[in-house]
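This report refers to the structure that appears directly beneath it.
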Amino acid sequence: MRGVGSLASVWLQVATEEPLGAETGFVGDALYILGLAFAAAVVAAVGAFAYRWYFRERPPRGLTVLLGLSAVVLYLNTAKLSDIALGNGGDELFVVGNVLFNLGALAAATVAAPVGAQVGDTLARNTSAFSGVREIEGEVSRVVRSVGRVISVTLPDEIDDMAEYDPVADATKEALAGKTLLFPRRLTVAELRERLVARLREDYGVGHVDLDLTDDGEVEYLALGSRLAGIGPTLAPGGVAVAVRADPSLDASPGDTVQVWRTDDEGPARVLTGELRATTDDTATLAVDEAEVDRLDGAQSYRLVTLPVDPGVDRQFAALLRTADETMGVISVAETDSGTHATVGDLATTVVAIRPADGLVEAIPPRSRELSTGDALYVIARPDELRRLERTVGTATGTVGDDD
């Protein structure tokens, strides 16, 4: 290894009291050590630059020192392995001169690495400033800016209730007020919002979340609502649920359309047609029309005949909407000062129907359909999107809950 032999000769001469006469060799070893220190500083500077660019914070001092030392150690080991492979002094590893040379190189790298890290960190910060802070901040805003290894999101002290939804328990809102939740870093604002909503639903049993986040990942607005439970919200207008003694078929399941038959001395007779909602032993819960419920007798035992009818579209839609993040809202288009309105395609939400002020309901309107004052828009969107749409095109006339 270059320089090792000369430094070793110096220490051998000292040990044997021979005249030195090798000042040039000592100077060469010193320059060699300075070169390794410079290499350690360069590696630490590059690492600090990359760390500042990626994490947007100052690199730890221990990490930069480790990078510089790793570069020097890797070089020394590679050089020694080359000498051993070529048979050039491979047995002089523990000679006093070689040991002192290695220790000097490591000490110099330990001193030079923090200096190089400081230079690299300063260069990274200046590069960001010279390249245009506004442009860089615009790119960074797409990813939630954070400090450290996680994103911390602090909920507001005041949590509102969502309109048209049952409020959550006061104990739940008290537990969430001011609470700080941690998430992995390098998330976009949309990804952070999805994770935060999922955390509130899964960990705290919240049914609906209306949430606004800034580009920094701070909660700007938070409102909560509980999901409607039970069979009542799933009944159609004019329908009721009733429990009867019945013997449904073995493969009958909730949602099947069934005929209710009575068997007596006069022979079998059909009583009514309904929808099966649940079965327990010999008791079945049926959804029937309110005008026909008087035909049923609580003391009578009935037989149910399952009809080969596909589930209604309204029932399928309601079942899907119960498990989705979106809900359906009805927004009335307000009058504008200019008298002109946008079209359906200009809205950033899904409009499934429009009820004009003086006409029939238009299902799945075309994107070119122009909105008019008084139009009732049936929109499927998240609660926060509905709230922004209300401020844009009109006023809310109500929310068709996702259980309707």
Side-chain angles (χ1 to χ4, degrees), residues 164-166 205 207-208 225-330 350-356 358-365 376-380 397-404:
E164 306 298 334
Y165 289 97
D166 290 342
H208 299 277
S226 62
R227 188 179 297 276
L228 298 177
I231 196 175
T234 66
L235 296 175
V240 295
V242 59
V244 297
R245 293 182 181 180
D247 183 20
S249 60
L250 295 177
D251 57 350
S253 59
D256 289 341
T257 300
V258 295
Q259 288 182 345
V260 182
W261 288 75
R262 180 184 68 246
T263 57
D264 50 21
D265 297 339
E266 298 178 359
R270 187 177 68 86
V271 180
L272 53 81
T273 301
E275 181 183 345
L276 183 64
R277 291 301 183 89
T279 58
T280 302
D281 296 332
D282 60 347
T283 302
T285 301
L286 306 177
V288 300
D289 190 85
E290 184 179 7
E292 298 179 334
V293 68
D294 293 337
R295 299 181 183 180
L296 298 173
D297 185 359
Q300 180 73 33
S301 179
Y302 298 95
R303 290 187 177 276
L304 304 182
V305 177
T306 304
L307 300 181
V309 180
D310 293 334
V313 177
D314 55 344
R315 293 288 305 135
Q316 293 181 349
F317 177 75
L320 292 174
L321 204 58
R322 286 176 67 96
T323 59
D325 295 335
E326 293 79 7
T327 185
M328 175 175 283
V330 183
T350 302
V351 179
V352 296
I354 297 179
R355 182 192 294 273
D358 53 354
L360 300 178
V361 175
E362 302 176 18
I364 315 298
L377 307 180
Y378 292 80
V379 180
I380 297 179
T397 61
T399 300
V400 181
D402 54 354
D403 295 321
D404 290 352

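Below, each value reflects all heavy atoms present in this structure, side chains not excepted, and no hydrogens, waters or symmetry copies. This chain uses plain numbering: 1 for the first residue, then up along the sequence.
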Item checked: Check against side chain to side chain contact (heavy atoms under 4.5 Å, CB included), Ile354 and Val361 -> CA-CA 6 Å; Ile354 297 179; Val361 175; over 6 Å; no
Note to self: Please give me the minimum heavy-atom distance between Ser226 and His208, naming the atom from each residue.
What the structure shows: O-CD2, 4.0 Å
Next item on the list: Write down the atom of Pro365, the atom of Val351, and the distance for their closest heavy-atom approach.
Entry: CD-O, 3.6 Å
Note to self: Using the side-chain hydrogen bond (donor to acceptor under 3.5 Å, both in side chains) criterion, which residues pair with Gln300? Sequence neighbours excluded.
What the structure shows: none
Margin query: Would you say that Leu272 contacts Leu296 through its side chain, given a criterion of any heavy-atom pair below 4.5 Å between the two side chains?
Written below: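 In short, these two side chains touch, coming nearer than 4.5 Å.
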Checklist line | Side chain to side chain, Val288 and Val260, heavy atoms closer than 4.5 Å | finding: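 Counting from C-beta outward, Val288 and Val260 never come under 4.5 Å.
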Check: Partners of Glu292 by salt bridge (Lys or Arg N to Asp or Glu O under 4.0 Å), sequence neighbours excluded?
Finding: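 Arg295.
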Check: Residues two or more places apart in sequence or in another chain: which of them pass salt bridge (Lys or Arg N to Asp or Glu O under 4.0 Å) with Arg303?
Finding: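 Checked Arg303 against salt bridge (Lys or Arg N to Asp or Glu O under 4.0 Å); matches are Asp247.
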Note to self: Has Tyr302 got a side-chain atom pairing as donor or acceptor with Asp297's backbone, closer than 3.5 angstrom?
What the structure shows: yes
Checklist line | With Ala243 via side chain to side chain contact (heavy atoms under 4.5 Å, CB included) - residues at least two apart | finding: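 Per chain and number, Ala243 pairs via side chain to side chain contact (heavy atoms under 4.5 Å, CB included) with Thr283, Thr285.
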Item checked: side chain to side chain contact (heavy atoms under 4.5 Å, CB included) against Thr273, all qualifying residues, sequence neighbours excluded -> Thr257, Gln259, Arg270, Leu307
Item checked: From CZ (Arg355) to CG (Leu360), nearest 0.5 Å ->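 Going from the CZ atom of Arg355 to the CG atom of Leu360 covers 8.5 Å.
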